[in-house]
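Quantities reported herein were computed from a predicted structural model and do not represent experimental measurements. Lettering of chains follows the sequences in order, A, B, ..., and the numbering in each one begins at 1.
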Protein chains: 2
Amino acid sequence: MNNEARAKKRVTLADVAKQAGVSQMTASKVMRNTGSISEATRDRVTAAARDLGYVPNRLAGSLSSQNSDIVAVILPSINDTIYGDVVRGINEVLRPHGYMTFIGENQFDTELEEDIIRSVLSLQPAAIILTGGINRSEAAFRMLKNWQCPIVQIWDDSKSGFDGSVSPSHEAGGALVAQHFVDRGFKAPAYIGAELSKDLCAARRFDSFKSKLQAFGVVPFEVTDEALPRRGETGQTLVARLMETRPETDAIYCLNDAIALGALSWLHDNGYDVPNQVAVAGFNGTSLLQVVRTRLTTVDVNRERLGQVAAKAVVSLLNGEDIAEQTVLDTQLVQGNTT
Amino acid sequence: MNNEARAKKRVTLADVAKQAGVSQMTASKVMRNTGSISEATRDRVTAAARDLGYVPNRLAGSLSSQNSDIVAVILPSINDTIYGDVVRGINEVLRPHGYMTFIGENQFDTELEEDIIRSVLSLQPAAIILTGGINRSEAAFRMLKNWQCPIVQIWDDSKSGFDGSVSPSHEAGGALVAQHFVDRGFKAPAYIGAELSKDLCAARRFDSFKSKLQAFGVVPFEVTDEALPRRGETGQTLVARLMETRPETDAIYCLNDAIALGALSWLHDNGYDVPNQVAVAGFNGTSLLQVVRTRLTTVDVNRERLGQVAAKAVVSLLNGEDIAEQTVLDTQLVQGNTT
DNA sequence: CAGGCTAAAGTTATCGATAACCTAAGTGTT
DNA sequence: AACACTTAGGTTATCGATAACTTTAGCCTG
């Protein structure tokens, strides 16, 4: 073997062992801090590992030991700020326990999710945290159910069928806004949303909003569009349609905060007085909203805590402890200056 | 082996092969679409795989074939909206090529980054995309340099020492704002920022801003704080300090858009007229800003494109093609209604 | 000082898949 | 009919680490 070939080869445990003058197994024990090893040997091995720049090959390690420290997290989109907070919460809890998080995005797409799940399972994760409220394929569900690892579903508060579930109550979310609209005496409320057939949790909030209003004898007007993305610009489009079709609208509940912001900007640009002429409410409590001078009325979900609770559930399950099958986190209406 | 034990065991390629009545190698070839396989055999194997719910074990596969389809992406924080866009861009390009992205967060922390890098390398990724502009430890740098896989650095436009680099020009970013301030005739410009010792790119923008102004004989006032986080709330705190210390300030350049938004909200709450009394500019072109009624003047970076370009570079490298050592993406000043 | 015990190491088989090579049967060519 | 070639499939060794077990030497105890 010439120098060039040797240079290309990665340093393995065998190299470390040879350099330290011990068996591979001893080196392995030193790296993992198990077994009984004399201090002198331990030092020789760690020194050798450092000298050679040894980085363990976890593929081999996990394959052999049949356990992994990867926790897979499957989200609709990392781009959505709400999940950023969730992931932060998850990491805060998981990292100190030595787990790494692997994130997959499903873009609310059924087929893509099945694909992602297959990819993620193929990495043999220790546990899985997955976002619900998506149309999951039967095949994907079965694959997960048959997989022998802890699975916790988040965000979705309907019964999950997995080991645990951590979420806000979407029903409460919708109802809170309905109640608020009634309390403030709005007569012609409306709802705007997009892709409701994909985002089942948003659909649940909407349903709850509707039925709560109906209990007060009010039927909200609705403008939804399955083809538009769940982004701020869509809020502008939808609210434009809404106000054109039904100018007397005096309160608008929006699918989420991003859409609410879009709606607000359109209303402002078109000379509407918010909240005196039209009120606006959203869902999520996105952090940016706390510093922008328009303080959107919204239903606040503590997303970081949601991540923490889910991660703690995972850790408990991995330690063989029992967990609550379902945890529903508090949600509360935060009144800003838009209603 | 009783039923219970069998139920716990995961389905392996050997099981699929047995069920299909072929050798393991043949089954493997079918799963990977290589080798020459008769249609009949192919069908039997795929049917068996489907029936048994076979999910390949990629740890074993990668270990054996010595290649992986994981591309590791190391970011300061997923929570920061700017990286969400970058990741989206990366995924858009990488997924069609069959690569999965693995995201690690370093929180701008030197030691944590070293840890994360070690963890990530231990998964034997096919390639690495890492964010620069952080104080990287010598050990981490060496580990990466010695690793035999394509590495592309993003966000940081200083020379990286890796295979490629894709970034905006931070120097241009700072200079653009300085020029803009001069053009608009501001006499008492200031800068606010936090954690500049950690975020080296922000520091570079600031330096460039300063020296460009100095070329016009203006010395900006500065309020920075190493202890505060790079968030919106910090913008409020810093601008409060700034206006108290130097009330005649007529233009403020902020470390990023989040801090700029915080500054804006404080200024508004405290009765300042933006932009007539004080102007505000940021850096990034965060998407939310496009729909909020305050349109922040900012330097726009196409983050999704940045991700795409970096991912394309990775794909090229993985295909053995050469790439440009450094790609500097266009940045431009987008004037909103705050300056 | 034999038997039992512990500490510190080493041996062997294995995880699940694949690279590299090999075999056997069928095809075509001259 | 003999040879080269292709097609479909199988055999064997290996990736890097670890579980489970074994060995060896030193030590204590009665």
Side-chain angles (χ1 to χ4, degrees), chain A residues 8-45 48-49 52-70 118-119 121-126 147-148, chain B residues 5 8-46 48-49 52-70 118-119 121-126 147-148:
Chain A
K8 285 226 179 294
K9 193 99 181 65
R10 266 174 205 162
V11 178
T12 71
L13 196 56
D15 301 325
V16 174
K18 200 190 306 175
Q19 163 121 355
V22 298
S23 77
Q24 220 182 98
M25 200 61 234
T26 303
S28 171
K29 284 173 185 158
V30 171
M31 298 317 287
R32 286 174 298 139
N33 261 307
T34 48
S36 64
I37 305 283
S38 72
E39 196 154 338
T41 306
R42 175 178 304 283
D43 290 348
R44 281 215 314 290
V45 172
L52 296 173
Y54 172 65
V55 176
N57 182 332
R58 216 181 290 253
L59 300 187
S62 294
L63 176 61
S64 174
S65 66
Q66 304 279 65
N67 68 38
S68 133
D69 44 16
I70 290 178
R118 203 185 315 276
S119 293
L121 291 184
S122 76
L123 289 176
Q124 317 288 114
W147 204 254
Q148 299 289 338
Chain B
K8 284 226 181 296
K9 194 101 179 65
R10 269 177 202 160
V11 178
T12 70
L13 196 56
D15 301 324
V16 174
K18 201 190 305 173
Q19 163 121 353
V22 298
S23 76
Q24 218 183 99
M25 199 61 235
T26 303
S28 171
K29 283 174 186 159
V30 171
M31 299 316 287
R32 285 174 299 137
N33 261 305
T34 48
S36 63
I37 306 283
S38 73
E39 197 155 335
T41 306
R42 175 178 305 282
D43 290 348
R44 282 216 314 289
V45 173
T46 38
L52 296 172
Y54 171 65
V55 176
N57 182 331
R58 215 182 291 254
L59 301 186
S62 294
L63 176 60
S64 173
S65 66
Q66 303 280 66
N67 68 38
S68 131
D69 44 17
I70 290 177
R118 205 185 313 277
S119 294
L121 291 184
S122 76
L123 289 176
Q124 316 290 114
W147 204 255
Q148 299 290 337

If the cut-off is 4.0 Å, is [X] near the phosphate of [N], judged by side-chain N/O to OP1 or OP2?
X	N	value
A:Ser65	D:dA17	no
A:Thr41	C:dA8	no
A:Lys9	D:dG16	yes
A:Ser64	C:dT14	no
B:Gln66	D:dG16	yes
A:Ser36	C:dA7	no
A:Thr26	C:dG10	yes

DNA chain C: 5'-proximal contact among B:Asn57 and A:Arg44 (nearest heavy atom): A:Arg44
Side-chain donor-acceptor contact under 3.5 Å, B:Thr46 with B:Arg42: no
Send over the distance from [X] [atom1] to [N] [atom2], rounded to a whole Å.
X	N	atom1	atom2	answer
B:Gln24	C:dA19	CD	C1'	14 Å
B:Arg42	D:dG9	CZ	P	10 Å
B:Lys29	C:dA19	NZ	P	10 Å
B:Met25	D:dA8	CE	P	16 Å
A:Lys18	C:dG10	NZ	P	15 Å
B:Leu59	D:dG16	CG	C1'	12 Å
B:Asp15	C:dA17	CG	P	9 Å
B:Gln124	D:dA17	CD	P	8 Å

Base, sugar-phosphate, or nothing: which does [X] touch, judged by heavy atoms less than 4.0 Å apart?
X	value
A:Ile37	sugar-phosphate
B:Ser62	nothing
A:Arg32	sugar-phosphate

Identify the heavy atoms of [X] and [Y] that sit nearest to each other, and give their distance.
X	Y	value
B:Leu13	B:Ser28	CD2-CB, 3.5 Å
B:Gly21	B:Arg44	O-NH2, 4.1 Å
B:Val11	B:Leu52	CG2-O, 3.3 Å

Shortest side-chain distance from A:Leu13, nucleotide among C:dA17, D:dA8, D:dA17: D:dA17
Spacing of A:Gln24 atom CD and A:Asp15 atom CG [to the nearest 0.5 Å]: 9.0 Å
